[in-house]
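Encoded as structure tokens, the structure appears first; notes follow it.
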Amino acid sequence: QVQLVESGGGLVQAGGSLRLSCAASGRSISMYAMGWFRQAPGKEREFVAAISWSGGSSYYTDSVKGRFTISRDNAKNTVYLQMNSLKPEDTAVYYCAARRGFIVTTGQYDYWGQGTQVTVSA
């Protein structure tokens, strides 16, 4: 089992930055692809970004390309999402997820965190 705990969310003004962290426990995530998803009120959960187990490959949804960066530190069993130039439409609960094997941009992940709220004011 892998337990995931997100942190780093909060309230920020448009144009600001936040760095989300996802700390894993229970086992090493070094062989897991990791993803970030988000869910805004009244909307379905959507893919945001994902990174391969080695960190060599990453994918982003179009709306965050050039603004968000996913990274990982396998020694710390932690994944990060650096979010810059935040917009009100980025407001959502952000979830971290882990998956054995290759990256997918769908919700087919094995483990999920509880989420952290990100609110961007205009």
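- For the pair Val12 and Leu86, the tightest heavy-atom approach, listed with the atom from each and the gap, is CG1-CD1, 3.6 Å.
- Note on residues 55-71: pairs passing salt bridge (charged side-chain N to carboxylate O under 4.0 Å, His left out), not counting sequence neighbours, are Asp62-Lys65, Arg67-Asp90.
- Side-chain contact between Asn77 and Ser28 is present, with at least one heavy-atom pair separated by less than 4.5 Å.
- Shown here for Ala122 and Ala14, the closest heavy-atom pair between the two residues is CA-CB, 4.4 Å.
- For residues 57-87, the set of pairs meeting the disulfide (SG to SG under 2.5 Å) definition, not counting sequence neighbours, is empty.
- Screening residues 49-85 for ring-ring contact (aromatic ring centres under 6.0 Å, His included) gives no qualifying pairs among residues at least two apart or on separate chains.
- Here the closest heavy-atom approach between residue Ser17 and residue Asn84 is recorded as OG-OD1, 2.9 Å.
- Remark: the backbone N or O of Leu20 is not paired with any side-chain donor or acceptor of Glu6 at under 3.5 angstrom.
- The side chain to side chain contact (heavy atoms under 4.5 Å, CB included) test applied to Ser54 returns Ser52, not counting sequence neighbours.
- Residues that satisfy the side chain to side chain contact (heavy atoms under 4.5 Å, CB included) test with Ala23, not counting sequence neighbours, are Thr78.
- In this structure the side chain of Met83 never reaches within 4.5 angstrom of the side chain of Arg19, judged on heavy atoms.
- Applying the side chain to side chain contact (heavy atoms under 4.5 Å, CB included) test to Glu89 and every residue at least two apart in sequence or in another chain returns Lys87.
- Atoms CZ and CE, from Arg100 and Met31 in turn, are 11.0 Å apart once rounded to the nearest 0.5 Å.
- Here the closest heavy-atom approach between residue Gly26 and residue Gln3 is recorded as CA-OE1, 3.6 Å.
- With sequence neighbours excluded, the residues forming a side chain to side chain contact (heavy atoms under 4.5 Å, CB included) with Lys43 are Ala40, listed by chain and number.
- Remark: Gln108 pairs with Thr106 by the side-chain hydrogen bond (donor to acceptor under 3.5 Å, both in side chains) rule, at least two apart or across chains.
- Side-chain N or O atoms of Ser21 include none that pairs as donor or acceptor with a backbone N or O of Ser7 at under 3.5 Å.
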Please lay out, stage by stage, how Val104 and Arg99 fare under the test side chain to side chain contact (heavy atoms under 4.5 Å, CB included). CA-CA 9 Å; Val104 297; Arg99 183 182 191 280; 3.4 Å; yes
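- The heavy-atom pair separating Ile29 from Val79 by the smallest distance is CD1-CG2, 3.9 Å.
- Within the 4.5 Å cutoff, the side chain of Thr105 has no heavy atoms near those of the Thr61 side chain.
- Closest non-hydrogen pair, Ser58 versus Ile70, comes out as CB-CG2, 3.8 Å.
- Every residue was checked against the side-chain hydrogen bond (donor to acceptor under 3.5 Å, both in side chains) condition with Gln39, not counting sequence neighbours, and none meets it.
- Residue pairs meeting the ring-ring contact (aromatic ring centres under 6.0 Å, His included) criterion with at least one partner in residues 23-45, sequence neighbours excluded, are Phe37-Phe47, Phe37-Tyr109, Phe37-Trp112.
- A 4.5 Å side-chain heavy-atom check between Val118 and Leu18 finds at least one atom pair inside the cut-off.
- Between Ser71 and Gln82, the closest side-chain pair of non-hydrogen atoms is not below 4.5 Å.
- Applying the salt bridge (charged side-chain N to carboxylate O under 4.0 Å, His left out) definition to pairs two or more places apart or across chains, none involves residues 108-122.
- Within the 4.5 Å cutoff, the side chain of Glu46 has heavy atoms near those of the Arg38 side chain.
- Partners of Tyr95 by side-chain hydrogen bond (donor to acceptor under 3.5 Å, both in side chains), not counting sequence neighbours: none found.
- Thr116 has its side chain out of reach of Val93: every pair of non-hydrogen atoms, C-beta onward, lies at least 4.5 Å apart.
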